[in-house]
Amino acid sequence: MSRPPLNLPNPTLTNMTNFFKLLWRVITFPFVLIFKIITFPFRAIRNIYQFLNEDPEDRPLMDTFSSLVTEAQTRESLWQHVEELRAHLLRIVIVVALGVGISFYFTIPLMEYLTIPVGGLEKLQAIQVTEEIGVYMRVALTSGITITFPYIAFEVWMFAAPGLKPKERKFSLIGIPLATILFLSGMAFTFYILLPTALPFLGGFTKISQNWTAGEYFGFIMSLMFWLGAFFEFPLIVYFLTSIGIVKPAILAQQWRLALVIIAIIAAAITPTIDAATMALVMLPMSLLYFLSIGLSYIAYAGRRRSNPESEPAEENTSV
């Protein structure tokens with residue numbers, strides 16, 4: 001019994017089909033490219049609009065943690081979030097490296113400006129072989145982080161935004177320029193208010209002549225400027241966490257004594273010196289910012305209750 005012939009593809013016909021497909025792609029490529037370039041802004045606006053108005057998955061946090069053990073899909077989703085975090089961190093590192101590279105062009109003038117309180121760079125000395133280059137790189141790194149801070153805040157927002165509701169997502173987007181302003185305000189407060197008070201006290205406490213090294217001086221001011229700039233973000237963070245229901249103002253108000261103890265520990269950790277005066281100067285703005293955060297938290301909580309009265313039970317009046 002003879003078998004029916006197999007319908008094998010004709011090699012010649014297949015090659016001609018592939019050739020004409022390739023020829024068509026080559027001919028239409030310029031037109032497709034022009035079309036994509038023209039429509040790119042419109043597609044970008046559409047994607048941004050969809051991203052800002054997309055509802056997140058509504059799932060309680062405790063249920064998510066409990067399902068990590070029982071559901072493979074949840075564990076896979078967790079690893080996807082870890083990969084996304086890694087990608088965000090990698091982009092931040094690349095952009096900060098670019099910012100540091102840009103900072104190399106004005107690091108020396110910046111160092112001269114930062115040494116105005118002590119009379120200029122020539123008033124400092126280096127007692128180690130690598131001290132000069134170490135100071136130069138430290139100032140460039142801090143400057144690079146400062147000029148790329150808006151992008152760093154944007155990457156943090158991009159990582160957190162998928163888990164936020166549309167209203168919270170749009171509101172938190174406004175916080176990116178505010179976070180930048182607060183960070184710069186903290187650095188400016190340190191240089192223009194804190195240092196003019198602290199340096200004369202530290203330099204005139206006894207009759208010992210002051211011959212500060214570049215490493216000690218720039219380590220002192222860079223550390224204070226960076227960490228106080230970071231702590232100036234605290235009111236904005238508290239306001240945002242309250243607006244999404246994670247933090248409640250009553251708890252912040254009740255635990256103000258504990259907060260002051262924690263602030264004292266943080267001030268002691270970020271203050272390069274061991275004197276109580278400098279530590280007190282660092283604690284003062286941090287304490288004021290904490291109490292400002294309590295007020296902002298009450299404002300955010302009131303706004304959340306007005307927008308979602310059914311999700312927020314009335315708070316009991318507690319004594320502070």
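Note that the coordinates shown come from a computational prediction; the quantities given were computed from them, not determined experimentally.
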Would a distance-only check, ignoring hydrogens and angles, find a side-chain to backbone donor-acceptor pair under 3.5 Å from [X] to [Y]?
X    : Y    : value
T146 : T142 : yes
S103 : G144 : yes
T148 : Y151 : no
E131 : G215 : yes

So, for [X] and [Y], which heavy atoms are closest and what is the spacing to 0.1 Å?
X    : Y    : answer
K248 : Y301 : CG-CE1, 4.3 Å
T197 : I193 : OG1-O, 3.1 Å
F149 : E233 : CZ-OE2, 3.6 Å
A140 : V100 : O-CG2, 3.9 Å
I294 : A253 : CD1-CA, 4.0 Å
A267 : M283 : CB-CG, 3.5 Å

E132-Y136 side chain donor-acceptor pair, cut-off 3.5 Å: no

Cluster question for you: counting only ILVMFWY and a side-chain heavy-atom cut-off of under 4.5 Å, with indirect links fine, are [X] and [Y] together?
X    : Y    : answer
I127 : I133 : no
I108 : L110 : yes
Y192 : V282 : yes
I263 : V261 : no
F183 : I237 : yes

Partner set under ring-ring contact (aromatic ring centres under 6.0 Å, His included) for Y113, not counting sequence neighbours: F191

[atom1] of [X] to [atom2] of [Y]: how many Å apart, nearest 0.5 Å?
X    : Y    : atom1 : atom2 : result
Q125 : Y217 : CD    : OH    : 14.5 Å
L292 : L236 : CG    : CG    : 11.0 Å
T115 : L121 : OG1   : CG    : 4.0 Å
M137 : L141 : CE    : CG    : 7.5 Å
F291 : L252 : CZ    : CG    : 11.0 Å
L194 : F189 : CG    : CZ    : 6.0 Å

Heavy-atom side-chain proximity of [X] to [Y] below 4.5 angstrom:
X    : Y    : answer
F220 : L195 : yes
V135 : M111 : yes
T107 : S143 : no
V118 : L124 : yes
L224 : W227 : no
V247 : I251 : no
L114 : M222 : yes
M286 : L228 : yes

Test log, rule side chain to side chain contact (heavy atoms under 4.5 Å, CB included), inputs I145 and I152: CA-CA 8 Å; I145 293 175; I152 296 173; 4.3 Å; yes

F106, CZ: over 12 other non-hydrogen atoms inside 6.0 angstrom: yes

Partners meeting side chain to side chain contact (heavy atoms under 4.5 Å, CB included) with I181 (sequence neighbours left out): S185

Aromatic plane relationship, F231 with F234 - under 30° parallel, 30 to 60° tilted, over 60° perpendicular: parallel

